[in-house]
Amino acid sequence: MIQFTQEQINQLDKYFYEPRNLVDLFEGTAAKWGDRPSLGQKDPNTRQFVFLTYRQLAERIDNLRGALKKLGLQKGETVGVILSNSIEWFVLENATHGLGGRFIPMYEKELLKKWNYMVRDSSVKFLFVRNQAILDKVKGFTADCPELKEIFVVYGEGEKSLAALEKMGSANPTPSYKPHWSEIAVIIYTSGTTGDPKGVVLTHGNLTHCSQAGYRVYPELCEKSVALSILPWAHSYAVSGELHNFIQFGGSIGVMESLDTLTQDIQAVRPTHLIAVPRVWNKIYNGIQMAMEEAGGIKKKLFDAACEEAKKCRGKKKSLKLRLLDKLVFDKVRARFGGRLIGSLTASAVMNLDIALFFDDIGVKIYDCYGLSETSPAITMNAPAWGNKIGSVGKPLMDWNVVLDKSRIGDGSPDGEIIVYGPQVMMGYLNKPEMDAAIFMPDTWNGFPGIRTGDLGRFDEEGFLYVTGRYKDEYKLSNGKYVHPESIETDMKLVPHVSNAFVYGSGKEYNVGIIVPDFATIRKDHHTAKWAALSPAELINNQEFRDFLIIEVNDQLKKNFASYEIPRKYLITDQDFTLENGMLTQTLKVVRGEVEKNYGDILNRLYTE
């Protein structure tokens, strides 16, 4: 893991801007915008969103900081949480940082053995869990996690509850410590597509720089901006792009209750901005298209006419016809997002071009971005400051040096592995020196370390980056042609009736694939009404349905992929990839090794049938 010398710190100091730590970032906003709404969530009794002002939020943080001090939390020690996004999540994070502590966020939906590993690996001293149900699962951790002293319940009663600690802390006022930018703030555990989770060590400077860099290229963001929190703050994308970002300028964040309540929560919070992933927008797109199909008649004709006219006007001034249709049709679509949505960031995968263009046509700007947990995370962004080039992931943010390494591919290729140097590069993986050695570059840039991203990309003539594949997951067919399976799988999942997909074929003559149908959509869609009554087990064995689904998938793939990339045979299964069976990560990425372990024999049999 990187340890900066004092000389290096002096050299790099100019790249970190005030506020240089997450404590000052919040306290500065609380002082300036104390009476404005900060974080909000649903009251369990009234089912209405209730927001705390920044002053009220600061008071809760002060109280908990006093309690943690009394409990004995020292600078450099760790506090872990097993908790989803909430006001309490941020109270715990900032109170920990205000004593110089390190914060370890974990997902509520996680395997018990992974919780145990993360608590031991990061030497958690105090652990906070959401409720009694999680406490019952983890209470034995004190026996095999030597540093763990106590476990508290966030939503509970008694002396081991968060409420009791805040009350205790109110009688023990403790001034906040202001960490140096080089001090460790959080350890974000990546879900790990292979082996144990990896603890990505990020400093206060890493995280404040990331939020500041993004803010600079979105000039419309201000204290009146509102976000609806969808993605977990236990991942660096949402914690930097949403939580710390919105706090730095006094914005407000309403926390979504669950994906099941997304539609209602959008209407209640009426966000100006959303931090999302392509899969969210794909589902919204499919829902809009399905609703129009079911409506039929004049509604469908007007919708189709509006979409067609919008296509004609791309890159031009709106025609009178489009302005009228926009008012008649697209206004109603935008109203589904609360009526004041300005734009959305999306990352983790590139948006499908047709879907991105559709939302752009209807007046919802979606900005594709790119980054890694290991880079805090934002490296490049499409943004109002320099434009939104659909299909790209934007331009590098301030103080980044992004280069393409063609040594593994060949100088004649426009693509190369994306290598990045800058102030947001992690300090390393916790307790994993061999992994550090594999990812860090041997040289530096302006004193900053660099890492290999494992992604392939190219720049266009205007400096926009295009991610073209995943170097790590790339494989070669027996005919010598290279395949990027993740790109193919992403396109397969654009079919509304597909929940998950997997492509397999390393060293083989051709690709085969796995399709997991989206049974909920199949039951609702009038196109598949004749199969709606069938159980999942009956459905996957119905030859007519199988043929229908395979044709849909292949028709989708033929739009973007060569024939050698498209699977020739498919396994259709009713067993989805999930967190529980280990085949999906927290960020909904397929764990390739687990899928191959579970389905490898069946996939190989497809080559002999």
Could you check whether any side-chain N or O of [X] sits under 3.5 Å from a backbone N or O of [Y], counting only pairs where one atom can act as donor and the other as acceptor?
| X | Y | value |
| --- | --- | --- |
| S240 | Y237 | no |
| N604 | D601 | no |
| D576 | S499 | no |
| T78 | V124 | yes |
| S38 | L52 | yes |
| T261 | Q264 | no |
| Q132 | V153 | no |
| S161 | G158 | yes |
| H180 | S182 | yes |

Going by an N to O cut-off under 4.0 Å, is there a salt bridge joining [X] and [Y]?
| X | Y | answer |
| --- | --- | --- |
| E147 | K125 | no |
| K114 | D196 | no |
| K109 | E580 | no |
| K283 | D518 | yes |

Item checked: Y599 and Y504: CA distance, side-chain angles, deciding distance, side chain to side chain contact (heavy atoms under 4.5 Å, CB included) verdict -> CA-CA 10 Å; Y599 289 105; Y504 177 85; over 6 Å; no

Heavy-atom closest contact ([X] atom, [Y] atom, distance):
| X | Y | answer |
| --- | --- | --- |
| L202 | S376 | CD2-OG, 3.5 Å |
| N85 | S229 | ND2-OG, 2.8 Å |
| V503 | P567 | CG2-CG, 4.3 Å |
| I275 | G241 | CD1-O, 3.8 Å |
| D144 | R120 | O-CD, 3.2 Å |

Note to self: Consider salt bridge (charged side-chain N to carboxylate O under 4.0 Å, His left out). Of R279, K589, R592, which one does E489 pass it with?
What the structure shows: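 With E489 as partner, R279, K589, R592 yield a single salt bridge (charged side-chain N to carboxylate O under 4.0 Å, His left out), made by R592.
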
Note to self: So if I apply the side-chain contact (heavy atoms from CB on, under 4.5 Å) rule between Y370 and each of T375, V393, V402, which one comes out positive?
What the structure shows: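 One option only clears the test, and that one is V393.
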
Next item on the list: Starting from the C-alpha separation in whole Å, work towards a yes-or-no answer on side chain to side chain contact (heavy atoms under 4.5 Å, CB included) for N116 and V119.
Entry: CA-CA 5 Å; N116 185 280; V119 169; 6.0 Å; no

Next item on the list: Mind checking the CG-CE spacing from L68 to M168? Nearest 0.5 Å is all I need.
Entry: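 Those atoms lie 8.0 Å apart.
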
Next item on the list: Rounded to the nearest 0.5 Å, what's the gap from CG on N598 to CG on N581? Could you check?
Entry: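 Answer rounded to 0.5 Å: 7.0 Å.
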
Checklist line | side chain to side chain donor-acceptor pair (under 3.5 Å) partner of Y177, the single match among H97, R65, E183, K69 | finding: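 Result for side chain to side chain donor-acceptor pair (under 3.5 Å) with Y177: E183.
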
Flag the pair [X] / [Y] as yes when their ring centroid distance falls below 6.0 Å, and as no otherwise.
| X | Y | answer |
| --- | --- | --- |
| W89 | F103 | yes |
| F448 | Y421 | no |
| F26 | F90 | yes |

Check: With sequence neighbours excluded, what pairs up with D121 under the side chain to side chain contact (heavy atoms under 4.5 Å, CB included) test?
Finding: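 Residues passing side chain to side chain contact (heavy atoms under 4.5 Å, CB included) with D121: Y117, Y189, L430, N431.
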
Check: Under the ring-ring contact (aromatic ring centres under 6.0 Å, His included) test, which residues partner H209, sequence neighbours left out?
Finding: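 H209 satisfies ring-ring contact (aromatic ring centres under 6.0 Å, His included) with Y17 once adjacent residues are dropped.
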
Using distance alone, with no hydrogens and no angle criterion, decide if [X] and [Y] have a side-chain donor and acceptor under 3.5 Å apart.
| X | Y | answer |
| --- | --- | --- |
| Y155 | E88 | yes |
| E108 | S84 | yes |
| N511 | Y570 | no |
| W233 | E93 | no |

Margin query: Please list all pairs meeting salt bridge (Lys or Arg N to Asp or Glu O under 4.0 Å) that have one or both residues in residues 155-168, counting only residues at least two apart or in different chains.
Written below: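 Sorted result for residues 155-168: R60-E166, E150-K160.
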
Check: According to the interplanar angle, ranging from 0 to 90°, do the rings of W181 and F16 count as parallel (below 30°), tilted (30 to 60°) or perpendicular (above 60°)?
Finding: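 Plane angle under 30°, so parallel.
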
Next item on the list: Evaluate the side-chain proximity of V483 to K476: yes if any heavy-atom separation is below 4.5 Å, no if none is.
Entry: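 Side-chain contact under 4.5 Å: no.
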
